[in-house]
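Below you'll find the structure, written out as structure tokens, and then a few comments.
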Amino acid sequence: MPKIAASAALSRLRILDLSRVRAGPTCVKQFADFGADVIKVESPPGVDPNEGMGGPRHGPDMQNLHRNKRAMTLNLKLPQAREVFARLVKTADVVVENYRPDVKYRLGIDYESLEKLNPRIVLASISGFGQHGPYRDRPGFDQIAQGMSGLMSVTGAPGKGPMRTGAAIADITAGLFAALGIMTALLEREVSGKGQWVQSSLLQSGIALLDFQAARYLMKAEVPPQVGNDHPTSMPTSAYTTADGYINVAASGEGMWQRLCEAIGREDLLQMPEYKGLEKRAANRDRLNAVLNEALKTESSDHWVEKLNSAGVPCGPIYTVDQVFADPQVKHLQAAAPVEHATLGRFEVVNQAVKLSRTGASMASAAPEIGQHTEEILRELDYSDGAIRAMREQGVV
């Protein structure tokens with residue numbers, strides 16, 4: 001059973017987390033929050049030239065991504081450490097790594113090697129560009145993947161050049177797809193008794209996020225342009241100016257279009273030929289947006305959010321991050337969750353987004369200090385105090 005009981009949902013699973021930065025930790029966080037015994041394996045201080053890539057230990061990123069985990073150090077460059085890791089693999093269900101594709105082979109933690117130790121093991125590998133192909137050895141980074149996947153080409157105002165999204169969505173999606181793949185492999189293992197190799201990449205995850213934009217090209221050879229805050233095909237769906245700020249309005253269907261016109265007192269728009277039907281409203285989006293901005297700027301954002309939603313027209317405020325967490329619905333959803341840290345005290349992290357009615361997630365433990373549970377885990381593997389002392393002296397842990 002796990003030492004950190006965040007939930008009973010996945011308490012039977014042990015995950016070995018070799019990942020860093022964002023994509024891998026995002027994947028593993030899904031399991032840690034639901035009670036899996038996650039062991040974060042890191043190099044001892046001073047061994048890894050990329051040490052600190054995930055930000056300061058006590059910084060927001062590290063604390064948010066690595067809650068509910070135990071931590072141990074292992075210098076996997078040393079044969080003795082790889083022997084310890086092999087013993088760990090025999091007790092585990094999943095190994096997650098996001099090294100460059102060749103590194104796992106040098107360390108002997110590729111799937112073929114792990115399978116010999118534990119035929120039931122699931123290895124999840126997250127990379128920038130995939131495990132094979134001409135770009136396999138390139139270093140992966142979220143913004144690079146955003147550009148190469150086409151996401152930046154459809155984001156931003158027309159004629160203003162490509163624009164990255166305001167969050168690391170390629171990283172996050174690659175991690176979530178990997179978590180979904182792991183769960184699929186674990187379910188299949190219940191039938192076959194065998195593990196398998198799960199792979200995701202930032203590049204393909206970014207392409208998957210294009211969704212209908214990519215489908216437009218694949219099916220009809222349409223290259224979608226930048227349209228700013230407008231919806232590419234369903235208008236009026238955009239950000240609009242009010243008397244005191246901005247709101248989003250989504251009135252794409254004919255019924256919603258009619259209700260919008262009635263709510264803003266512009267029923268005359270319904271009779272104008274240039275706005276008859278979805279295609280014409282999209283083609284004449286500039287004129288349409290100008291008309292709607294003129295009408296909406298007569299009242300406050302709160303006024304329109306209330307009036308349009310009451311009329312059955314989807315509408316919402318455009319928040320800054322501080323306003324997000326002050327919103328009553330966000331508070332009701334408990335999108336922020338408190339956690340206790342021995343040094344930092346009590347603070348909040350981003351809560352698990354998936355809710356289960358019986359075995360929900362929890363923030364049972366803050367992110368561990370480096371190597372905090374090394375001796376505890378080694379003793380679980382039946383290493384004696386003398387053997388552990390020798391490992392420290394030799395730089396193994």
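The basis for the numbers below is simple: all heavy atoms, side chains too, and nothing from hydrogens, waters or symmetry mates.
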Salt bridge (charged side-chain N to carboxylate O under 4.0 Å, His left out) evaluation trace for E274 with K280: CA-CA 6 Å; E274 60 265 41; K280 288 188 177 180; over 6 Å; no
Between [Y] and [X], does any NZ, NE, NH1 or NH2 come within less than 4.0 Å of an OD or OE carboxylate oxygen?
X    : Y    : result
R379 : E375 : yes
R67  : D33  : yes
E190 : R120 : no
R389 : D385 : no
E97  : R20  : no
R87  : D382 : no
R216 : E222 : yes
R70  : E380 : yes

Can you sort out the partners of D268 under salt bridge (charged side-chain N to carboxylate O under 4.0 Å, His left out), two or more places apart, ordered by chain and number?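 So D268 forms a salt bridge (charged side-chain N to carboxylate O under 4.0 Å, His left out) with R266.
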Donor-acceptor side-chain pairing of [X] and [Y] below 3.5 angstrom:
X    : Y    : result
N284 : Y275 : no
D244 : T242 : yes
Q372 : K40  : no
S238 : D230 : yes
T184 : E188 : no
S200 : Q204 : no
Q258 : E254 : no
T320 : Q323 : yes

Does the pair R189 and D93 meet the rule for a salt bridge (charged side-chain N to carboxylate O under 4.0 Å, His left out), with working shown? CA-CA 10 Å; R189 190 181 71 175; D93 297 279; 2.8 Å; yes
Among R14, K69, R12, which residue satisfies the salt bridge (charged side-chain N to carboxylate O under 4.0 Å, His left out) criterion with D37?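 By the salt bridge (charged side-chain N to carboxylate O under 4.0 Å, His left out) criterion, D37 pairs with just one of R14, K69, R12: R14.
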Given T165 and Q146, is the side chain to side chain donor-acceptor pair (under 3.5 Å) satisfied, shown in steps? CA-CA 8 Å; T165 63; Q146 285 197 35; 3.2 Å; yes
Just do the side-chain contact (heavy atoms from CB on, under 4.5 Å) check on R285 and M235 with the steps written out, would you? CA-CA 7 Å; R285 65 179 67 232; M235 290 295 291; 3.5 Å; yes
Flag yes if L10 and V38 sit in one hydrophobic cluster, no otherwise; membership is Ile, Leu, Val, Met, Phe, Trp, Tyr, and two members link when side-chain heavy atoms are under 4.5 Å apart.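 Yes, because L10 and V38 connect within a single hydrophobic cluster, where side-chain heavy atoms sit under 4.5 Å apart.
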Audit row: K104, D110, salt bridge (charged side-chain N to carboxylate O under 4.0 Å, His left out) steps and yes/no: CA-CA 5 Å; K104 70 176 71 61; D110 55 280; over 6 Å; no
Once the angle between the rings of F129 and Y135 is folded into 0 to 90°, is it parallel (under 30°), tilted (30 to 60°) or perpendicular (over 60°)?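 If you compare the ring of F129 with that of Y135, the planes turn out perpendicular.
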For the residue pair H58 and H341, categorise the inter-ring angle as parallel (less than 30°), tilted (30 to 60°) or perpendicular (more than 60°).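 Perpendicular: the ring planes of H58 and H341 meet at over 60°.
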Could you go through E348 and F325, starting from their C-alpha distance and side-chain angles, then the distance that decides it, and tell me whether this counts as side-chain contact (heavy atoms from CB on, under 4.5 Å)? CA-CA 11 Å; E348 289 184 318; F325 288 100; over 6 Å; no
Aromatic contact, H231 with F212 (centres under 6.0 Å):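 Between F212 and H231, which both carry aromatic rings, the centre distance is below 6.0 Å.
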Heavy-atom distance under 4.5 Å between the side chains of P236 and W257, does that happen here?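 P236 vs W257: side chains touch.
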Any donor and acceptor pair, going by atom type alone, linking the side chain of T173 with main-chain N or O of A170 inside 3.5 Å?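 Answer holds: no.
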